[in-house]
Amino acid sequence: QVQPVESGGGLVQAGDSLILSCATSEGTFSRYAMGWFRQAPGKARERVATMSWGGGSTYYADSVKGRFTISRDSAKKTVYLQMNSLKPEDTAVYYCAVGSLFGSAVTTTSVTKWGQGTQVTVSS
């Protein structure tokens, strides 16, 4: 079963960039939709970006469109979230999520496995 492990979080200043990585150990990684979610203190977990199993379809929350990019490397069994022009409101714990087999996107209800989360803090 795919078990994701995130890395790359940290403390940055507004306007900076950061890249999150989510590594898996599953040989069939390329067959799963993958995504990134985040949860700020006192707020519900929200979907940030997702990618279909084949990589041909992506989703971005309106709040991150044009600033964040999701990508995947099947050879490394890793999904990435490139975050540019970071804002203080991007501060949250970011979670990698494994979606369904041959899925086109990931929603909260279709997540089959969550990572442990990585903290991203953006100072103003």
Side-chain angles (χ1 to χ4, degrees):
Q1 199 171 24
V2 183
Q3 177 60 53
V5 178
E6 304 97 333
S7 62
L11 172 63
V12 297
Q13 293 186 331
D16 285 351
S17 297
L18 203 59
I19 184 165
L20 304 182
S21 300
C22 173
T24 71
S25 57
E26 173 57 45
T28 57
F29 162 80
S30 62
R31 302 179 187 179
Y32 289 87
M34 299 291 295
W36 290 94
F37 291 69
R38 68 186 180 187
Q39 188 165 19
K43 294 187 177 181
R45 190 170 298 189
E46 66 170 340
R47 186 170 53 155
V48 176
T50 72
M51 176 171 277
S52 61
W53 73 276
S57 178
T58 57
Y59 161 87
Y60 293 96
D62 288 342
S63 58
V64 307
K65 279 182 182 176
R67 300 189 297 122
F68 290 12
T69 303
I70 187 171
S71 61
R72 63 192 298 164
D73 185 329
S74 293
K76 295 182 178 180
K77 302 174 188 176
T78 300
V79 63
Y80 304 95
L81 185 67
Q82 174 70 50
M83 304 185 293
N84 299 327
S85 302
L86 282 162
K87 304 175 181 179
E89 50 263 44
D90 294 318
T91 296
V93 177
Y94 283 72
Y95 297 90
C96 179
V98 181
S100 57
L101 196 62
F102 301 122
S104 59
V106 185
T107 63
T108 304
T109 57
S110 71
V111 172
T112 57
K113 187 72 70 172
W114 292 101
Q116 82 285 356
T118 185
Q119 177 70 46
V120 172
T121 303
V122 184
S123 63
S124 57

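One hydrophobic cluster holds both Val106 and Trp114 under the rule that ILVMFWY side chains link at heavy-atom gaps under 4.5 Å. Cluster membership check: Leu101 shares its hydrophobic cluster with Phe29, using side-chain heavy-atom separations under 4.5 Å among Ile, Leu, Val, Met, Phe, Trp and Tyr.
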Under the side-chain contact (heavy atoms from CB on, under 4.5 Å) criterion, do Tyr60 and Ile70 qualify, and how do the steps go?
-> CA-CA 9 Å; Tyr60 293 96; Ile70 187 171; 3.4 Å; yes

So Trp36 and Met83, side-chain contact (heavy atoms from CB on, under 4.5 Å) or not? Walk me through it.
-> CA-CA 12 Å; Trp36 290 94; Met83 304 185 293; over 6 Å; no

Any chance you could lay out the side-chain contact (heavy atoms from CB on, under 4.5 Å) test for Asp16 and Val122, step after step, and finish with the verdict?
-> CA-CA 8 Å; Asp16 285 351; Val122 184; over 6 Å; no

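You'll find the side chain of Thr107 stays beyond 4.5 Å of the side chain of Phe37, heavy atoms only.
With Glu6 contributing its side chain and Gly117 its backbone, the two residues share a donor-acceptor pair below 3.5 Å. Judged by distance alone, the side chain of Arg47 and the main-chain N or O of Thr108 form no donor-acceptor pair under 3.5 Å. Remark: the backbone N or O of Lys77 is paired with a side-chain donor or acceptor of Thr24 at under 3.5 angstrom. Although no hydrogens or angles enter the test, the distance criterion places no donor-acceptor pair under 3.5 Å between the side chain of Ser7 and the main chain of Leu20.
Geometric assessment of Arg72 against the ring of Tyr32 yields a negative cation-pi assignment under the 6.0 Å and 45° thresholds.
Here the shortest heavy-atom pairing between Ala75 and Asp73 reads N-OD1, 3.0 Å. Across every non-hydrogen atom of Leu18 and Gly8, the tightest pair is CG-O, 3.5 Å. Contact detail for Cys22 and Pro4: the closest heavy-atom pair is SG-CB, 3.3 Å. Considering every non-hydrogen atom in both Ala14 and Pro88, the closest pair reads CB-CD, 4.1 Å.
Atom CG of Leu86 sits about 10.5 Å away from atom OG of Ser123, to the nearest 0.5 Å. How far OG1 of Thr69 is from CG of Leu81: 8.0 Å, rounded to the nearest 0.5 Å. Taken from CZ in Phe102 to OG in Ser30, the straight-line distance is 8.0 Å, to the nearest 0.5 Å. Interatomic distance, CE of Met34 versus OG of Ser52, reported as 12.0 Å (0.5 Å rounding). Note that OG of Ser74 is 9.5 Å distant from CH2 of Trp53, once rounded to the nearest 0.5 Å. For the atom pair CG (Asn84) and CZ (Arg67), the distance works out to 9.0 Å, reported to the nearest 0.5 Å.
Shown here is Gln119, whose CD atom has more than 12 heavy atoms of other residues, nucleotides or ligands within 6.0 Å.
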Please tabulate, one pair per line, all N/O donor-acceptor pairs under 3.5 Å involving side-chain atoms of residues 92-100, not counting sequence neighbours.
unit_1	atom_1	unit_2	atom_2	d
Tyr94	OH	Arg38	NH1	2.9
Tyr94	OH	Asp90	O	2.6

